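Owing to the predicted nature of the structure, the values given are computational and were not obtained by experimental measurement.
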Amino acid sequence: MKAGIHPDYHPVVFEDQSTGKRFLTRSTATSTRTVEWTDGNTYPLLVVDVTSDSHPFWTGTHRVMDTQGRVEKFERKYGRRTPRAMKES
């Protein structure tokens with residue numbers, strides 16, 4: 001590697017916001033928040049929305065969207081469109 005052209009690559013702790021699970025890895029990301037890890041060292045803490053601990057693909061909890069129910073809810077709220085109204089828009 002050429003010296004002086006690459007960002008600082010250092011240990012960082014990522015925390016899943018929804019499950020609270022933390023894991024230590026390396027990254028170029030930085031943070032002002034820090035956390036003491038099990039090895040006694042202090043590392044930057046990055047809180048993220050989704051990790052493999054909470055993502056439906058990795059957890060096996062896929063959700064099926066009910067599109068028919070969504071259409072009916074929309075029609076109840078705003079009314080059903082008539083063929084004439086559909087031609088005018």
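- Take Thr19 and apply the side chain to side chain donor-acceptor pair (under 3.5 Å) test, not counting sequence neighbours, and it matches Asp53.
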Quiz item: Yes or no on side chain to side chain contact (heavy atoms under 4.5 Å, CB included) for Val13 and Phe23, after CA distance, side-chain angles and deciding distance?
Solution: CA-CA 6 Å; Val13 175; Phe23 60 93; over 6 Å; no
Please set out all donor-acceptor pairs under 3.5 angstrom arising from side-chain atoms of residues 39-48, sequence neighbours excluded.
unit_1 : atom_1 : unit_2 : atom_2 : d
Asp39  : OD1    : Asn41  : N      : 3.0
Asp39  : OD2    : Asn41  : ND2    : 3.4
Asp39  : OD2    : Tyr43  : OH     : 2.8
Asn41  : ND2    : Tyr43  : OH     : 3.2

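- For the residue pair Pro11 and Arg26, the shortest heavy atom distance occurs at CD-NH1, 3.8 Å.
- Not a single ring-ring contact (aromatic ring centres under 6.0 Å, His included) links Tyr9 to another residue, sequence neighbours left out.
- To the nearest 0.5 Å, atom NE2 of residue His6 and atom CG of residue Asp8 are 12.5 Å apart.
- Between the side chain of Asp16 and the backbone N or O of Thr51 there is at least one donor-acceptor pair closer than 3.5 Å.
- Taking every heavy atom of both residues into account, Asp49 and Ser18 meet most closely at O-OG, 4.1 Å.
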